[in-house]
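Let me begin by presenting the structure, written as structure tokens, before commenting on it.
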Amino acid sequence: MDTKTIMGKITFINHDKEYATIEYELNGKKKSISGNISEKEQLKLKKEKIIKKIHQFHVGDEVSFVIALSARGDKMIADCLQFHFNNALDNLINKSYVENRFVGYLKKVDDDYFVKETGSYIFFPLILSSWEKRPKEDNLNEPVFFKLENTDKPDKATAALFKSEYIPEYMYAMQCFKNKTVIDATVFKVTPHGVFVNVVDKKIQAKIAVNKSDQLPVAQIGDVVQVRITYLGTSKIIVERV
């Protein structure tokens with residue numbers, strides 16, 4: 001078996017089954033082959049010092065590999081898969097610094113959501129806030145506007161919807177934050193390091209840090225305490241006891 005290293009480009013990824021289709025040229029002929037892109041496989045290659053770090057593969061990745069027999073011995077596969085570069089991904093990352101607005105199609109794999117960028121067909125994991133409404137089933141495969149996040153690490157870049165819809169409890173909490181409203185919150189957990197409260201029903205919860213110099217008595221489970229929201233983002237809330 002020839003174990004020489006071959007260069008190719010990923011043209012398709014099955015995120016559910018964790019394999020990629022790679023197109024390459026050998027002896028002047030265009031061919032295609034499948035390779036395992038699972039995290040388990042990546043960890044094995046890293047342990048064997050074949051790769052230096054784990055990579056999240058995308059369509060358009062230029063990769064090197066060797067052709068080997070599959071574990072079942074029924075077909076040839078791309079083994080020792082190594083990422084080299086992705087010009088299409090780099091172009092999207094560079095564009096995001098100028099105008100971070102893209103069009104893509106919503107996809108769902110198991111319980112995870114992705115956005116496939118229309119021009120490059122690159123899949124980006126869609127990160128949703130715990131207070132954000134999940135996309136409806138009839139919105140899948142429909143075009144949406146999105147932005148890229150975590151662009152400092154291109155292979156780990158993620159997508160966020162350009163216009164997100166949030167649950168009513170979050171919208172109410174945002175109104176209280178803007179108006180500096182004092183809220184009656186119910187304690188549901190107490191630890192040596194903090195008091196955990198339901199700020200808006202059980203949908204919006206927060207931790208009040210325990211300060212030894214605090215003159216307020218330590219709350220007990222079931223107590224109703226007054227708090228004010230001092231920070232509210234898409235995935236983080238900070239409250240203070242008043």
Transitive ILVMFWY cluster of Tyr231, excluding itself - 4.5 Å side-chain cut-off: Ile238
Flag, side chain of [X] to backbone of [Y], donor-acceptor distance under 3.5 Å:
X: Glu132; Y: Ser129; answer: yes
X: Asp110; Y: Asp112; answer: no
X: Asp201; Y: Lys203; answer: no
X: Asp16; Y: Val109; answer: no

Within one Ile-Leu-Val-Met-Phe-Trp-Tyr cluster: Ile229 and Val227, side-chain cutoff 4.5 Å: yes
Same apolar cluster (I L V M F W Y, side chains within < 4.5 Å links), Phe146/Phe123: no
Distance check, rounded to the nearest 0.5 Å: [X] atom [atom1] versus [Y] atom [atom2]?
X: Phe196; Y: Ile208; atom1: CZ; atom2: CD1; answer: 10.0 Å
X: Leu161; Y: Leu128; atom1: CG; atom2: CG; answer: 6.0 Å
X: Leu69; Y: Asp74; atom1: CG; atom2: CG; answer: 7.5 Å
X: Lys108; Y: Leu126; atom1: NZ; atom2: CG; answer: 11.5 Å
X: Ile93; Y: Leu148; atom1: CD1; atom2: CG; answer: 5.5 Å
X: Lys207; Y: His193; atom1: NZ; atom2: NE2; answer: 7.5 Å

Answer yes or no: does atom [atom1] of [X] have more than 12 heavy-atom neighbours from other residues, nucleotides or ligands under 6.0 Å?
X: Glu165; atom1: CD; answer: no
X: Met7; atom1: CE; answer: yes
X: Tyr105; atom1: OH; answer: no
X: Glu25; atom1: CD; answer: yes

Ionic contact status for Glu48 with Lys44, cut-off 4.0 Å: yes
Residues Lys9, Glu23: salt bridge by 4.0 Å N-O rule: no
If I compare all heavy atoms of [X] with all of [Y], which pair ends up nearest, and what's the gap?
X: Cys80; Y: Leu45; result: CA-CD2, 3.9 Å
X: Val63; Y: Phe57; result: CG1-CE2, 4.0 Å
X: Ile6; Y: Ile67; result: CD1-CD1, 3.6 Å
X: Thr234; Y: Tyr166; result: CG2-OH, 3.2 Å
X: Ser120; Y: Val59; result: O-CG1, 3.9 Å
X: Gln56; Y: Asp155; result: CB-O, 3.2 Å

Contact check, side chains of [X] and [Y], non-hydrogen atoms, under 4.5 Å:
X: Ile33; Y: Phe65; value: yes
X: Lys4; Y: Leu26; value: yes
X: Ile37; Y: Leu81; value: yes
X: Gln226; Y: Asp184; value: yes
X: Glu41; Y: Asp79; value: yes
X: Thr11; Y: Tyr121; value: no
X: Val200; Y: Tyr170; value: no
X: Asn150; Y: Lys153; value: no

Salt bridge (Lys or Arg N to Asp or Glu O under 4.0 Å) partners of Glu149, counting only residues at least two apart: none
Flag for His55-Asp61: side-chain donor and acceptor within less than 3.5 Å: yes
Polar side chain donor-acceptor pair, Asn179 to Thr181, under 3.5 angstrom: no
With sequence neighbours excluded, residues passing side-chain contact (heavy atoms from CB on, under 4.5 Å) with Ser130: none
Cation-pi, Phe162 ring and Arg101 (6.0 angstrom, 45 degrees): yes
Phe124 ring center near Phe102 ring center (under 6.0 Å): no
